[in-house]
Each structure stands twice: as structure tokens, then as C-alpha cells.
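This report concerns only the one structure given below.
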Amino acid sequence: MYGALLTLLAGLVGVLFALPASWSDYPDRYPDFRLGRVWMTPYPSTLPVLITMLGVAGLVAAVRPSTARVAAVTAGLAALQVGGIAVVAHRDWWNLAGADGASPHRAAAGSLVSLVMGAAAGAAVVVSVLLYRTGRSVHRPSLIQVVGGVLAGAVLAGGTPLLLCAYWGYTSITAAGQFAVWWSLPWGAGVAATGTLPDCAARRTAALCVLACALLTAFCVAAPPVHGFGVRLPD
């Protein structure tokens, strides 16, 4: 049941992302508007991949209940990032409108859609926790693993935004907050899970998911923006 519910929530997020309200209405009115085609949405190019991760994890859990904990960890970490993206987009819609990238009406609609998307992602996190609790395998980590995982997760969650702000030359707390909500908080939770979850397969999955998400993010930041959207760093 929980796997099917995760798949439905992933589908809901995908539908919300595909709605016209999730995309700028100015390119249709002004094909050569000054911000360019990459500014068609405030959502980063990592979002479709994360939605796919969430949906596939739910589908796998529904088809093969024995994979419940692995699927739950994958879905939970993907949902955390989707929720963070939605939170940032709620603010960025108004930034986009202020930069003449969307009408105020579209910004209001897009901001509302991002709230619903964030709520769906939050529900997916809760369902992932419930799905994890259906698993029976228990391989408790050692005290060193628990302490190491928690400390490493805390350092990653708190240190990554500061390092990125220093690297890109940002001084505002808004930029640090965006990096934290987008990336470091979900990754920090994943790293903490690698040391605390009472299941070897789930711990390995958490580590692999964090690595995959970090590589995906690095690729999307470094790659040229694709038609329609790209990773948008703070102004």
C-alpha cells in the first residue's frame, strides 16, 4: 500500500511540475524576452530526475515488498530534495517576476503550486518512514557508526552552504539557506542515515543515494542550461 501511495505522490508532483502554472507565461507573449529561454521556470533541472527516483522507488516497493527499506530510503531522500526545491521555488517565483521573467499573476499561481508540491513531498517523506517500518531485517550499527554518521551528517548539512557561499562569493544568509534547503540538509540526513539505520542494505542505499544526488547536482550545475530550465543560483 505504501509503495503505491509513493508512486501516486510522485505522479502528483510530476503533474504539478507539468502544469502551465509551473512555467513562465512571458516566453509565450514575448519570444525574445531578455532573461532568455532558461528562465522559463524557477525549478532546477534536477527536479525531473528526483521525481523519477521517487516514483520508481514506490513502484519497486509495491511490486516487491521485500525491498521495502531500500525503497523507503531512496524515496525519502528524493522526497526531501523535492520538498526543498519546492520551498525555494515558492520564493523564487516572485524573484522571477521581479526580474521581468513572469507576470505577477503567474508568480502567484506558481508560488501556490510550489506549496502544494512541497506538501506532497512532505507527505512522501512521511509515507517513506511508514514504509521503512514495515521491514523486518535488523542489523544494528555499532556505536562508532552511529556517532560517526550523525557527526558527518551534521558537518555536511552545516558546512556545505558555507563552503559554497565562499566559493561562489555569496555573503547573504538567503544564499546559504537556499543551498541548505536544496542540497545540504537532505544530504546530511542521508549521511546520518548511513550510520544510524538498523539495516545494512538501507545504510548502503542511503550512502549511494547521497552520492548519486551529489553527482547529479554537480553535473546540472556544471552543464549548460537545457531548453526551458537549469540550476538557478542565488542572485
Side-chain angles (χ1 to χ4, degrees), residues 6 10 13 17 38 41-58 60 69-89 92 117-118 121-122 124-125 128-129 132 141 145-170 174-197 199-226 229-234:
L6 283 173
V13 174
F17 177 56
V38 69
T41 180
Y43 295 109
S45 47
T46 52
L47 181 58
V49 180
L50 293 169
I51 294 173
T52 302
M53 284 178 60
L54 177 58
V56 170
V60 170
R69 287 189 164 177
V70 169
V73 170
T74 303
L77 292 178
L80 280 175
Q81 283 203 256
V82 171
I85 287 170
V87 168
V88 173
D92 275 354
M117 185 182 294
V125 173
S128 297
V129 173
Y132 182 87
Q145 285 179 295
V146 173
V147 174
V150 172
L151 289 178
V155 170
L156 178 61
T160 300
L162 300 179
L163 291 175
L164 292 176
C165 284
Y167 179 76
W168 278 313
Y170 295 115
T174 301
Q178 178 168 334
F179 295 144
V181 173
W182 257 5
W183 299 325
S184 71
L185 291 179
W187 296 352
V191 170
T194 65
T196 57
L197 292 178
D199 186 290
C200 289
R203 292 197 295 270
R204 287 194 297 268
T205 300
L208 290 174
C209 283
V210 172
L211 178 61
C213 289
L215 291 175
L216 171 66
T217 298
F219 174 78
C220 290
V221 170
V226 298
F229 60 97
V231 173
R232 199 161 352 277
L233 300 176

Tell me, please, which residues at least two apart from [X] pass side chain to side chain contact (heavy atoms under 4.5 Å, CB included).
X    : answer
V147 : L143, L151
A180 : P161, S184, L185
A193 : L197, A206
V49  : L216

**Request:** Take L163 and Y167 through the side-chain contact (heavy atoms from CB on, under 4.5 Å) test and state the conclusion after the steps.
**Result:** CA-CA 6 Å; L163 291 175; Y167 179 76; over 6 Å; no

**Message:** Looking at every heavy atom in both V146 and T196, which two are closest together, and how far apart are they?
**Reply:** CG1-CG2, 3.9 Å

**Complete:** On a heavy-atom basis, the closest approach of A124 and L6 is O-CD2, 3.5 Å

**Request:** Compare all side-chain heavy atoms of L50 with those of C213 and state whether any distance is below 4.5 angstrom.
**Result:**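 L50 vs C213: side chains touch.
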
**Asked** Should the ring pair Y43 and F17 be called parallel, tilted or perpendicular, given that the plane angle runs from 0 to 90° and is split at 30 and 60?
**Response**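 Plane angle over 60°, so perpendicular.
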
**Asked** Between P42, P186, P44, which is the residue that forms a side chain to side chain contact (heavy atoms under 4.5 Å, CB included) with I85?
**Response**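 The passing option is P44.
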
**Request:** Any chance you could lay out the side-chain contact (heavy atoms from CB on, under 4.5 Å) test for T217 and W183, step after step, and finish with the verdict?
**Result:** CA-CA 8 Å; T217 298; W183 299 325; 3.3 Å; yes

In residues 72-81, what donor-acceptor pairs under 3.5 Å come from side-chain atoms, sequence neighbours left out?
residue, atom, partner, partner atom, Å
T74, OG1, V70, O, 3.0
Q81, OE1, W187, NE1, 3.4
Q81, NE2, W182, O, 3.3

**Fill in**
Output for pair (T46 OG1, F219 CZ), nearest 0.5 Å, gives 12.0 Å

